[in-house]
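Proteins get letters first, then strands, A, B, ... in listed order; numbering begins at 1 in each. In what follows, every heavy atom counts, from backbone to side chain, and hydrogens, waters and symmetry copies are set aside.
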2 protein chains.
Amino acid sequence: MIGKYVSRLADEEDFLMAKKPTGAATAESMAARQRDISVSEFFLKNRHLLGFDSPRRGLLTAVKEAVDNSLDACEEAGILPEISVELEQIAESRFRMTVTDNGPGIVKAQIPKIFAKLLYGSKFHRLRMSRGQQGIGISAAGMYGQLTTGSATRILSRIKNAKAAHQIHVQIDTRANKPVILSDTEQDWRPVFQAVDAEGKPQGEPSISNHGTSVSIDMEAAYQRGRQSVDEFIKQCAIVNPHLSLHYAVTLLGKPDAKNLKPETGNLSKKEGTSESETQVSGFRSQVSYLRATNEHPRIPDEIYPHPHGVELGMLMQMLKDTGSRTVKGALASDFSRVSAQTAADICARAGVDPQASPSRVAHHEAELLFKAIQETKLMRPPTDCVSPIGETQILAGLQKEIAADFYTAVTRDPSVYRGNPFQIEIGVAYAKPENPEIKSDDPVRVLRFANRVPLLYQPGACSITKAVCGVNWKSYGLDQPKDSLPVGPVVIMVHMASVWVPFTSESKDAIASYEEIIAEMTLALQECGRRLSVFLNKRRHDLEAARKRNYMELYIPHLALGLKEILDLNDKEEGRIVTDLKKMLEKTHLDV
Amino acid sequence: MIGKYVSRLADEEDFLMAKKPTGAATAESMAARQRDISVSEFFLKNRHLLGFDSPRRGLLTAVKEAVDNSLDACEEAGILPEISVELEQIAESRFRMTVTDNGPGIVKAQIPKIFAKLLYGSKFHRLRMSRGQQGIGISAAGMYGQLTTGSATRILSRIKNAKAAHQIHVQIDTRANKPVILSDTEQDWRPVFQAVDAEGKPQGEPSISNHGTSVSIDMEAAYQRGRQSVDEFIKQCAIVNPHLSLHYAVTLLGKPDAKNLKPETGNLSKKEGTSESETQVSGFRSQVSYLRATNEHPRIPDEIYPHPHGVELGMLMQMLKDTGSRTVKGALASDFSRVSAQTAADICARAGVDPQASPSRVAHHEAELLFKAIQETKLMRPPTDCVSPIGETQILAGLQKEIAADFYTAVTRDPSVYRGNPFQIEIGVAYAKPENPEIKSDDPVRVLRFANRVPLLYQPGACSITKAVCGVNWKSYGLDQPKDSLPVGPVVIMVHMASVWVPFTSESKDAIASYEEIIAEMTLALQECGRRLSVFLNKRRHDLEAARKRNYMELYIPHLALGLKEILDLNDKEEGRIVTDLKKMLEKTHLDV
């Protein structure tokens with residue numbers, strides 16, 4: 001320990017005091033300044049953490065949070081989701097976002113807190129796969145709208161069999177992180193959805209639900225196309241949610257100009273594409289509908305208990321304190337997954353802790369012994385019914401729909417576990433046709449990232465998906481690859497992580513943290529796809545080479561025939577037959593290059 | 001609006017009900033699950049957001065948070081900081097971190113909240129440059145220790161003229177985000193600091209303070225060397241804080257093996273160096289002292305009011321509601337910087353709002369008018385005394401001390417403003433000598449990142465500093481540069497951002513968010529350094545070329561002399577003189593290449 005030496009007597013205090021700069025504080029004056037920081041104040045000042053750092057990204061984040069909530073609600077209630085997203089420009093730099101769903105609706109008393117209180121929700125305290133998990137997103141979107149326009153979040157919601165819908169206008173008191181209700185009325189409302197074609201003409205009859213929720217927020221925003229746009233989010237969202245019908249409309253005050261189509265300044269990704277083939281801009285409004293491709297509802301994933309191997313010592317102590325069980329053995333068996341009564345008894349025996357002891361009275365050193373015993377006990381891996389992958393078939397269908405390619409492949413890995421949390425990795429790869437103008441063969445490959453079926457458009461550099469793709473040796477699969485970088489080629493790689501808890505690198509949920517186990521699973525799946533790609537590329541190279549040889553020989557067949565004609569003294573007809581025969585032989589021969 | 005079309009009558013409900021998957025919820029059952037999430041629960045589950053995602057990074061983050069707090073406290077109290085950092089391995093994967101300072105100490109009543117409550121502190125609610133700003137860091141380190149070892153944070157603190165020091169052991173109740181005090185005793189304690197040399201021998205007399213704070217936390221941790229290590233943090237910390245004396249000691253249970261020296265698995269940065277020249281490992285303990293290079297205390301930066309051009313509409317409305325002034329004019333003049341009484345009157349006039357109106361009664365549309373009027377009013381830029389740069393002299397001194405180079409330059413830009421927050425960018429560049437083994441000429445340049453004098457070691461890819469360096473066209477300054485990447489060469493680039501509010505991309509404070517204004521300032525400073533570097537590189541290239549030509553001509557001088565000898569029929573002595581003369585001429589001539 002520094003500090004145990006014999007001291008020198010001179011205290012520097014006097015010397016230092018003389019040089020003390022003006023404005024110096026004391027322990028007492030500093031104490032007087034200490035105070036609580038509300039979580040809303042914190043995120044208001046740090047709104048870039050939530051994805052609201054620019055007008056363009058703010059719009060995307062708001063749409064993403066609203067759509068995530070709608071999809072989660074529909075799926076949890078077993079309803080095939082139908083959602084409309086409306087963006088309406090109401091001033092030069094201001095948009096009104098309205099997202100409407102056919103979900104189960106929200107009980108009136110919960111509306112204010114769900115939409116105007118950070119860290120409030122149903123998804124945080126359970127282990128089950130869902131898009132939302134933090135209880136922050138939609139309230140943050142409302143807070144951003146309030147900050148930039150001073151307006152309120154407007155919610156309209158009707159639950160099944162309800163007399164009427166509730167319309168509530170709510171703001172957030174950021175000092176207290178509490179909702180302030182500005183108005184609360186009843187209204188006759190049923191959400192209506194109308195599919196449109198590329199020209200914006202209604203297709204078929206509208207669909208009406210007798211329940212659902214609509215949220216509307218005004219905010220400072222900028223609408224631009226490109227790879228990080230709402231357009232792209234909507235499109236990718238439709239790809240990975242084939243059971244979703246999604247209607248998307250944008251209304252602008254003026255004609256969309258070059259500015260709308262240019263990538264945002266400060267955005268380093270130079271690969272901004274113009275993949276708006278489906279959204280035909282006609283004057284002031286553009287519309288598109290993505291209709292569901294399947295009526296099959298994804299299986300509702302199970303909720304699980306924590307797996308003992310993913311629980312840390314401090315958490316174990318907390319769980320023993322909080323358990324409803326009256327014995328340690330009971331707590332282990334009932335609050336954890338994969339622990340039977342017998343296993344619980346074994347753990348207690350190994351730890352030398354009385355299985356009948358009261359869990360709340362377990363001492364620190366006993367908890368350590370239990371923790372150690374748990375680590376040493378072989379347990380089944382966590383149950384994996386709690387994650388619901390997209391599946392190889394749907395991934396292939398999605399890629400085939402969106403990318404004209406010569407080769408497609410998909411891999412859904414078996415579920416695995418990081419820090420006790422089950423997760424599952426899925427990869428799709430497409431090798432684009434050479435005529436595809438969006439995917440160039442001398443650009444880095446395009447990586448589409450998804451977490452629990454949500455497209456991730458920002459912060460690719462911070463994401464373990466990018467790291468995993470860069471970390472694979474693509475040269476051995478036939479693609480060029482600069483050191484530590486994305487491989488180069490006309491390739492689209494789609495990566496999906498499904499988990500009961502996706503470890504995002506920030507509250508804006510744009511990038512997946514680099515846990516070793518996650519990168520390892522991604523790497524294995526990428527390598528499998530890489531091997532398949534290399535088989536395709538080798539075959540193609542082989543075919544091209546064979547074609548080249550064949551062409552080369554075809555070139556000489558007439559000369560060969562002429563030579564034979566002269567040597568054997570053949571007539572023109574015989575010469576012609578030789579040419580034909582040789583060509584036929586050539587076609588039949590498999591040229592082993 | 002989608003939703004205004006005539007509806008079709010058939011409700012899909014019955015059809016969907018038939019296919020509804022098992023486990024479906026209703027609005028009511030979902031409402032029953034909604035609940036509050038405490039901020040500690042949130043960050044416990046998301047501890048990677050705070051920088052505690054691996055044992056190695058956890059140790060670094062804990063040291064960083066403790067050292068940041070110590071430095072802030074010393075500087076605020078006008079004390080020249082002396083700090084010791086002790087890392088003691090207490091089990092295979094467990095370390096005890098103890099950080100002790102000679103700061104002003106902490107008033108007893110504040111200790112539990114400061115160390116065991118997230119979002120509590122003195123730095124969040126003011127605009128003044130400091131290392132800490134969130135009120136999360138040190139409590140998070142304690143929470144991480146508690147989670148992984150079940151132990152408490154131990155604080156020892158003595159304020160000036162106090163009878164004794166307080167020793168408090170505290171844990172955090174994560175459900176409530178509240179401190180739980182485990183013990184509270186008085187003790188006679190004065191922090192003692194002993195400088196050591198490279199062999200660990202005490203140098204000079206120990207220094208004793210009669211006030212200070214020591215915090216000790218046990219945690220799961222891994223000690224490893226390299227570019228993202230505690231060693232590196234300590235070293236860089238000493239470089240950018242020349243007024244700091246820093247003592248650093250590591251005690252390991254066994255000899256440091258290859259594992260300690262290897263970069264962490266899963267860490268993608270392959271550039272992990274071995275810059276441990278100053279920390280001599282001798283058996284089980286290594287020690288080093290960095291003594292202060294200056295006794296001059298950095299100026300205590302001023303606290304400022306928000307600048308009106310950086311305040312958004314919602315914030316303006318909130319400030320009008322909260323003001324102590326009784327009139328709108330008064331509120332504008334007193335709560336904002338750069339608004340005189342006259343300017344406040346002008347803004348009211350322009351907005352058509354009564355300057356004598358009560359601020360709390362300003363309606364939404366009036367606030368909008370005021371907001372617009374503020375944007376249209378020319379105002380002085382925010383005061384910049386609130387940021388305290390390192391300065392070009394100190395940056396050059398720091399670089400010269402650490403990097404053997406042929407060329408150094410530094411630029412401190414004038415302060416600028418993003419979102420109303422003053423900030424200042426400083427850059428230092430060194431072109432290393434070819435014999436430096438750590439800095440290779442075919443590797444990407446090494447970028448050292450700092451924010452408010454704190455070294456940033458993680459997440460370089462997410463940081464605007466990296467983006468700014470990649471965004472400059474270094475080819476025009478004579479360095480190779482792959483597209484969109486770091487330039488290549490034996491160059492170290494140091495970038496420091498000083499601000500009243502550094503916009504970090506996550507709570508772990510590892511990377512600066514990419515605000516346009518920040519990137520622009522960095523770019524200008526980098527370009528200035530680049531121009532100077534290119535002058536140096538051109539000169540060097542010129543010199544090399546001239547030397548080459550001279551060598552070339554020297555080669556021919558004897559032949560020339562021999563030729564002249566034969567033509568003019570000279571003797572050997574005359575020939576020799578011609579050679580000498582020609583060589584002299586060559587040396588005098590400036591060869592313009």
query: Sequence neighbours excluded, which residues qualify as salt bridge (Lys or Arg N to Asp or Glu O under 4.0 Å) partners of B:D36?
result: A:K117
Measuring heavy-atom distances to chain B, does [X] have an atom under 4.5 Å in its side chain, in its backbone, in both, or in neither?
X      : result
A:A31  : both
A:I136 : side chain
A:S508 : neither
A:E303 : side chain
A:R158 : neither
A:A73  : both

Heavy-atom distances under 4.5 Å only: say whether [X] touches chain A with side chain, backbone, both or neither.
X      : answer
B:W189 : neither
B:T174 : side chain
B:A109 : neither
B:F371 : neither
B:Q134 : both
B:D302 : neither
B:S506 : both
B:L118 : neither
B:Q318 : side chain

Distance-only, no hydrogens or angles: does the [X] side chain make a donor-acceptor pair with backbone N or O of [Y] under 3.5 Å?
X      : Y      : value
A:Q287 : A:A249 : no
B:E75  : B:I300 : no
B:T505 : B:A513 : no
B:Q146 : B:I172 : yes

Max heavy-atom pair count under 4.5 Å with chain A, selected residue of [options]:
options                        : value
B:H48, B:E312, B:R35, B:R33    : B:R35
B:T26, B:I106, B:N46           : B:N46
B:P503, B:G105, B:G135, B:A462 : B:P503
B:E28, B:M317, B:E507, B:Q459  : B:E507
B:G461, B:P104, B:G150         : B:G150
B:H364, B:H125, B:M315         : B:H125

[X] to [Y] - nearest heavy-atom pair and separation:
X      : Y      : result
B:W501 : A:K45  : CE3-CE, 3.3 Å
A:Q194 : A:G204 : NE2-O, 3.0 Å
A:E220 : A:T149 : N-CG2, 3.8 Å
A:P191 : A:T100 : CB-CG2, 3.9 Å
A:I37  : B:G121 : CD1-N, 4.0 Å
B:P460 : B:T466 : O-OG1, 2.5 Å

field: Leading residue by heavy atom contact count with chain B [cutoff under 4.5 Å; candidates A:S485, A:A520, A:A32, A:G314]
entry: A:G314
- request: Determine the option with the most heavy-atom pairs under 4.5 angstrom with chain B, choosing from A:L147, A:L313, A:V39, A:V107.
  value: A:L147
field: Side-chain ion pair, A:R126 and A:E76, N-O less than 4.0 Å
entry: yes
query: Does the side chain of A:Y120 come under 3.5 Å of the side chain of A:Q110 through a donor N or O and an acceptor N or O?
result: yes
query: How about A:E82 and A:H247: does a side-chain donor come under 3.5 Å of a side-chain acceptor?
result: yes
